[in-house]
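Every value quoted in this text rests on a predicted model; they were computed, and no experiment measured them.
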There are 2 protein chains.
Amino acid sequence: MRKRIDVEALCVAKGMPMTEQRRVVAKVLSEAEDHPDVEALHARIREIDRGISIATVYRTLRLFEKAGILERHEFRHGRPRYEAAPDVRHDHLIDVETGAVTEFSDPELETLQKQIADRLGYNLVDYRLELYGTKRDRKP
Amino acid sequence: MRKRIDVEALCVAKGMPMTEQRRVVAKVLSEAEDHPDVEALHARIREIDRGISIATVYRTLRLFEKAGILERHEFRHGRPRYEAAPDVRHDHLIDVETGAVTEFSDPELETLQKQIADRLGYNLVDYRLELYGTKRDRKP
DNA sequence: GTAGCTGCAAATCGTTTGCCGATCA
DNA sequence: TGATCGGCAAACGATTTGCAGCTAC
């Protein structure tokens, strides 16, 4: 069960001028249950407003990302995929057969990572963790 | 202390036709102590043989990668970077200020990842872990 | 009113590819 | 010899940008 994030409200809170196009992009992002790429997003956007150009989609995604409203993920083998920025950080497990993404978070893992960085003489400022797997017992 | 890998020997072992150009690319990769990108590699290659084109560099890197002789890493913010494939897997800590890469490996971490995948109903087939940090006590 | 937006088409960037003469085994 | 290679320049695909007109506030 994914927590719905009101992207438009976040934009307004940041004082962004809200155009019709941005509202549509925000709506599509808010409603996405998956982690769509630009092409998928554009397709969904055009279902609502046929005239919105790909340039606007790119511009808007960059804008939202810089504002911290959006996360861009560069998983292996594929174009960047997007999700509305969650309030609690999580990591991703990607199904290598279907591309489906499962979210998870594990405090133990983060502790361990901090320890490793520390041991190497660094302060951990960020990390990227992606698991790639195949579903167990896929057939009946 | 980085273990030197004889890339040319690995190519020969795989039965690749070894041209003058491939020997140069192999040599540069074997001698690299860092994780250079294509541009850096091409620069080093040209120091040995001025005539080798960027197309050849790209073709050769792809060839080596497909043969499992080379690893391509797509760290955040930047072009892909390469290293001769190590025989024991390791992960990377990237200095966000300098781009320098420190290698590490932690069996505990891998166990934990396997457990997480398992808990989510997946068999772990691969993963990507990158730590981003700043050096502690950088100044004297 | 004016700063900032959008659509369009052209530009950009890193990377790949078709062609054809050259090289390797 | 026959398969494979490499250099060149053109092609490519995803993304960005300049411009001129339009919109939010």
Would you mind reading off the distance between A/M16 atom CE and D/dT23 atom C1', rounded to a whole angstrom?
17 Å
Rounded distance (Å) that lies between atom C1' of D/dC8 and atom NE2 of B/H42
13 Å
Spacing between B/L63 atom CG and D/dT4 atom C1', to the nearest angstrom
11 Å
Test B/R89 against B/D106 for salt bridge (Lys or Arg N to Asp or Glu O under 4.0 Å), laying out the working first.
CA-CA 10 Å; B/R89 162 143 208 183; B/D106 187 309; over 6 Å; no
For A/R23 and D/dC25, give me the distance from atom CZ to atom P, rounded to whole Å.
6 Å
Report which part of the nucleic acid A/I52 touches: base, sugar-phosphate, or nothing (heavy-atom distance under 4.0 Å, all strands).
sugar-phosphate
Please confirm whether the backbone N or O of B/P17 pairs with a side-chain atom of B/R22, one donor and one acceptor, at under 3.5 Å?
yes
Please check if the side chain of A/S30 supplies one atom and the backbone of A/I5 the other of a donor-acceptor pair under 3.5 Å.
yes
Should A/K114 and A/E110 be marked as a salt bridge (Lys or Arg N to Asp or Glu O under 4.0 Å) after you check the CA-CA gap, both sets of side-chain angles, and the distance that decides it?
CA-CA 6 Å; A/K114 230 164 262 163; A/E110 307 214 16; 5.2 Å; no
Nearest-Å distance for atom pair OH/P, residues A/Y58 and D/dG13:
13 Å
Specify the residue among B/V38 and B/Q21 whose closest nucleotide of DNA chain C lies further upstream toward the 5′ end.
B/V38
Main-chain N/O of A/T56 paired to A/T60 side chain as donor or acceptor, under 3.5 Å
yes
Has the side chain of B/R128 got a donor or acceptor atom that lies under 3.5 Å from a matching backbone atom of A/R128?
no
Determine the contact category for B/R59: base if any of its heavy atoms lies under 4.0 Å from a base atom, sugar-phosphate if only primed atoms, P, OP1 or OP2 are that close, otherwise nothing.
base
Could you check how far CZ of A/R62 sits from P of D/dA14, rounded to whole Å?
18 Å
Taking the side chain as C-beta and beyond, is there a heavy-atom pair between A/I116 and A/L124 under 4.5 Å?
no
Chain A contact limits on DNA chain C, taken 5' to 3' with a cut-off of 4.0 angstrom to heavy atoms
C/dC5 to C/dC8
Relative to the 5' end of DNA chain C, which residue comes earlier, A/A55 or B/R72, by the nucleotide with the nearest heavy atom?
A/A55
Rounded interatomic separation in angstrom, taking CD from A/E65 and P from D/dT15
12 Å
